[in-house]
> 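First, the structure itself, so that you have it in front of you.
Every chain is numbered from 1 and lettered A, B, ... according to where its sequence line falls, protein lines coming before strand lines. What you see below is based on every heavy atom in this structure, not just the backbone, and it leaves out hydrogens, waters and symmetry mates.
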Number of protein chains: 2
Amino acid sequence: MATPSFSAVLRLLGANARLEERFSNGLGSLHGLALKEVLLLMHLEQAPRHRLSRIDLAKRLYVSPSTVTRMAAPLEKLRMVGREADPRDARLAYVVLTEAGQELVANARASLEVMAADIFRDRWTKPEIASLADLLGRLTAGQPGDLG
Amino acid sequence: MATPSFSAVLRLLGANARLEERFSNGLGSLHGLALKEVLLLMHLEQAPRHRLSRIDLAKRLYVSPSTVTRMAAPLEKLRMVGREADPRDARLAYVVLTEAGQELVANARASLEVMAADIFRDRWTKPEIASLADLLGRLTAGQPGDLG
DNA sequence: CCTATATACTTCCATATGCAAGCAATAAGG
DNA sequence: CCTTATTGCTTGCATATGGAAGTATATAGG
């Protein structure tokens, strides 16, 4: 029917939809945060000084700057992140991971790793999982701040 | 850092975001339709008698039934799909692909296959693409109406 | 310096989407 | 038959998101 390339793309779209559904169901009840919010915190955790500008976060999360502004607001209210100005450039308003945020992201990451392992539990060998991760990594290569 | 399973999941999310961005940019200008609308038409094309109930479409597109209702409305206005009642069950309102819809989906599919090939143009061998498609197919297995 | 351009962020508006509620029709069980 | 539960679809409401416009700051070029 479809070319192999097209088939790969179509299946990636489907696999993504299934994964998002699965993770959303499991995660919200556990930590009260959406998957995207946890990813935001994970990017901060990985960044130097645990902080990133909203623009950098937007690039890493593949969303618009306005979305980052609105995602950060409730996280700031929950004291998971703080706001920090740059002394050299008054335009910058870094999003900084707090202590509480670090704790939460550690727990959420553990939950996510369990859920991820569950997805491959049946009918997958370790080399197959590694191969999938490797091939997918080539599709996202060249981006700053790869989490995985 | 992350377990291989978690890494695969994270990269899949990122790859999906990049692909959607790329396909949205290229497709809208070509045929005036969003990627999701083309996928809807492709599912109809593949279905017996070129028609599906809104519920079946929702499952295949991984969206809610209300979204299908609202996606079909403008396509019906454009005469890409029609509405057909079931003589046995008056609750069913099939979405049917029209002649014009078949033409459009053929053209759009060709565009999508070119775009898909573009994504893998550099640094990918045919076996690698096939392997990726195969592995991703295992994540979506068991679903009705696989397009690829 | 002064002006023009670019950047970071925020806010407004339009659109997309899921969920709950509602309606119509069918199916199931007495 | 009649009642109840189920199913397919639509609509109202709340939320999420991108893009355009607006503000403030920084940079580049005379």
> Running the 4.5 Å side-chain criterion over Ile, Leu, Val, Met, Phe, Trp and Tyr, what cluster does B/Y62 land in, apart from itself?
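None; B/Y62 is a cluster of one.
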> Are side-chain N/O atoms of A/S64 and A/T67 paired as donor and acceptor at under 3.5 Å?
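Short answer, yes.
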> If a pair satisfies ring pair (Phe, Tyr, Trp, His ring centres under 6.0 Å) and one of its residues is in residues 63-120 of chain B, list it, with sequence neighbours excluded.
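Qualifying pairs: B/F120-B/W124.
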> Rounded to the Å, how far apart are A/R83 CZ and C/dA8 P?
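About 15 Å, once rounded to whole Å.
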> What is the distance, to the nearest angstrom, from the NZ atom on A/K59 to the P atom on C/dC9?
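These atoms are roughly 10 Å apart.
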> Give me the one residue out of A/I129, A/D134, A/L136 that meets side-chain contact (heavy atoms from CB on, under 4.5 Å) with A/L132.
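Going through the options one by one, the only one that passes is A/L136.
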> Judged by atom type as modelled, is there a donor-acceptor pair below 3.5 Å linking the side chain of B/S24 to the main-chain atoms of B/E20?
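Such a contact is found between B/S24 side chain and B/E20 backbone.
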> Can you name the side-chain hydrogen bond (donor to acceptor under 3.5 Å, both in side chains) partners of A/E45, sequence neighbours left out?
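Listed in chain order: A/R109.
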> Look at the side chain of B/Q46 and the backbone N and O of B/D146, then say whether any donor-acceptor pair between them is shorter than 3.5 Å.
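It does hold such a pair.
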> Figure out the OH/C1' separation between A/Y94 and C/dT10, and round it to whole Å.
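It works out to 18 Å between those atoms.
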> Quickly work out the A/D56 CG to C/dT7 P distance and round it to whole Å.
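It works out to 13 Å between those atoms.
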> For B/A100, which residues count as a side-chain contact (heavy atoms from CB on, under 4.5 Å) partner, sequence neighbours excluded?
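If we apply the side-chain contact (heavy atoms from CB on, under 4.5 Å) test to B/A100, skipping adjacent residues, the hits are B/M80, B/T98.
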> Considering only heavy atoms, which members of residues 40-55 of chain B lie under 4.0 Å from some atom of DNA chain D?
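Per residue number, the list reads B/S53, B/R54, B/I55.
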> List the protein contact pattern of nucleotides 16-27 of chain D with one symbol per nucleotide (5' to 3'): B for base contact, S for sugar-phosphate-only contact, - for none; contact means a heavy-atom distance under 4.0 Å.
-BBB-----BS-
